[in-house]
Undergrad: 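Before anything else, here's the structure in question.
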2 protein chains.
Amino acid sequence: MDAALELMDEGALTMRALASRVGLTPGALYTYFPDRAALVSAVADRLLAEADLTLLDAPGLSPHDRIESFALALREVLLRHPAAVPAILGAAFSGPTALHVGESLLRELSDPRASYTVMVYVLGAIALEAAELEGPPPPEEERIALRRTYLVVDPEAFPLTHAANDVIAAYISTDQFRWGLRRLLSAP
Amino acid sequence: MDAALELMDEGALTMRALASRVGLTPGALYTYFPDRAALVSAVADRLLAEADLTLLDAPGLSPHDRIESFALALREVLLRHPAAVPAILGAAFSGPTALHVGESLLRELSDPRASYTVMVYVLGAIALEAAELEGPPPPEEERIALRRTYLVVDPEAFPLTHAANDVIAAYISTDQFRWGLRRLLSAP
DNA sequence: ACCTGAACACCGTTCAAGT
DNA sequence: ACCTGAACACCGTTCAAGT
């Protein structure tokens, strides 16, 4: 599964490539996983578990702070493996680790609807950020600077977008991620 | 592109299948699209445009109501084509239609960071819902009922999840979608 | 410009046969 | 149980050649 994650990061996860990397014949993989989709799900769940789940139960922190620190940790893990993020979205509920995260989240927020809203925001933000990464990401500042030149638009046709260029470039920043999360958590 | 969307809905969009559906040889498609990814992006942008963009400029409505009505319309369009949703996430910023939506959203909310938060929520919610659909969705009530039996967990290991089963089953409801959106928009 | 036919370099998955 | 070798039924993309 480590090899599978590596290949995913390289954007080249095929059963054949995986087999050759672990020194097997393609067919031999089907002893361990019924099919490619099962392999991908397993990798997704393992990746989800790489974020420090204990942050969600950290003593001495407010519920909001626990959620924030876990969300930041999860984002960091997942953005290092952007190609795996779509699989995470797919397994958002089903996997065993996802269940554990869900239970902890329910403990922090009294209304289950609020906890789902947080999940939606966190996974949505990560998914949008991951979508524009090919491999492991360059430093944040670099990505923002790139977006600043990248996202130039016609000022006549899109005046507000043009005026907000700097903020839009920073949509993928940790600050923006935290800002949105806090806004959501601070809702009445 | 209509044929391509049809094939996507059937979960079987290949260049060869598309070619045969439009009465061409696979190679001929490369006159119109440089590669498969370009085709998928084009379909995604066209799908985005199917939601009524004028809702975002509807006179006589508050900014929040405009956003809500457009978000609901977008969700309805996209959930009819769940297989295309990942492509929408990928093209969330780049496409011409996405630019237009972004500009309108900036008009409704004074802080660009808030408008991005709304985008994250709306696209995130749609992505999570789409992830558990194979083809065009059954009626909402049916899906919720299915989830209610689907999502049974061990009450000992996951007591809160077990207790909230009914609400969790309704995570994919229009009501939950609207509830989360309103909560986000009502943040101070 | 648009299309065909044919090829190239791949895929995931299955399965008899071996150990 | 685990693995190989070989096959089956596919892929996306390219490209000479035709109209």
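Note on naming: letters A, B, ... go to the chains in the order of the sequence lines (proteins, then strands), and numbering restarts at 1 for each one. Predicted model only: the values in this text are computed from it and were never measured.
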Undergrad: Taking DNA chain D as the partner, which of residues 4-12 of chain A come within under 4.0 angstrom of it by heavy atom?
TA: none
Undergrad: Using the side-chain hydrogen bond (donor to acceptor under 3.5 Å, both in side chains) rule, collect all pairs that involve residues 125-137 of chain A, keeping only residues at least two apart or in two chains.
TA: A/Arg75-A/Glu129, A/Glu132-A/Arg147
Undergrad: So, taking the atom named CG in A/Leu89 and the one named CG in B/Leu89, what distance separates them when rounded to the nearest 0.5 Å?
TA: 7.0 Å
Undergrad: Is the backbone of A/Leu39 close enough, under 3.5 Å, to the side chain of A/Tyr32 for a donor and an acceptor to pair up by distance?
TA: no
Undergrad: Can you tell me how far the CD1 atom of A/Ile172 sits from the OH atom of B/Tyr116, to the nearest 0.5 Å?
TA: 8.0 Å
Undergrad: Are any side-chain N or O atoms of B/Arg80 and backbone N or O atoms of B/Pro136, one a donor and one an acceptor, separated by less than 3.5 Å?
TA: no
Undergrad: Can you tell if the side chain of B/Ser104 reaches within under 4.5 Å of the side chain of B/Leu53, non-hydrogen atoms only?
TA: no
Undergrad: Name the residue closer to the 5' end of DNA chain D, choosing between A/Leu24 and A/Arg16 according to the nucleotide with the nearest heavy atom.
TA: A/Leu24
Undergrad: Within residues 30-41 of chain A, find the residues that approach DNA chain D with a heavy atom at under 4.0 Å, and present them sorted by residue number.
TA: A/Thr31, A/Tyr32
Undergrad: Which heavy atom of B/Pro159 sits nearest to which heavy atom of A/Glu103, and what is that distance?
TA: CD-OE2, 3.0 Å
Undergrad: Which is it for B/Leu74 and B/Glu50 under the side chain to side chain contact (heavy atoms under 4.5 Å, CB included) test, yes or no, and what are the steps along the way?
TA: CA-CA 8 Å; B/Leu74 181 64; B/Glu50 259 187 44; over 6 Å; no
Undergrad: Name the nucleic acid region contacted by A/Thr14, choosing base, sugar-phosphate or nothing; use a 4.0 angstrom heavy-atom cut-off, strictly under.
TA: sugar-phosphate
Undergrad: Stepwise, does the side chain to side chain contact (heavy atoms under 4.5 Å, CB included) test hold for A/Leu55 with A/Arg66?
TA: CA-CA 6 Å; A/Leu55 290 170; A/Arg66 280 181 233 181; over 6 Å; no
Undergrad: Distance-only, no hydrogens or angles: does the B/Thr25 side chain make a donor-acceptor pair with backbone N or O of B/Ala28 under 3.5 Å?
TA: no
Undergrad: Say whether B/Glu108 and B/Ser115, considering side chains only, have a donor N or O and an acceptor N or O under 3.5 Å apart.
TA: no
Undergrad: In dot-bracket form, 5' to 3', how is DNA chain C paired? Count Watson-Crick and G-U wobble pairs only if both distances fall under 3.5 Å, and write | where the partner sits on another strand.
TA: ||.|||||...|||||.||
Undergrad: Would you say the side chain of B/Val101 lies within less than 4.5 Å of the side chain of B/Phe70, judging by non-hydrogen atoms?
TA: yes
Undergrad: Under a criterion of less than 4.0 angstrom to any heavy atom of chain A, what are the 5'-terminal and 3'-terminal contacting nucleotides of DNA chain D?
TA: D/dC2 to D/dA7
Undergrad: Please, which pairs that meet side-chain hydrogen bond (donor to acceptor under 3.5 Å, both in side chains) have at least one residue in residues 3-18 of chain B, sequence neighbours excluded?
TA: B/Glu6-B/Arg21, B/Asp9-B/His81, B/Glu10-B/Arg21
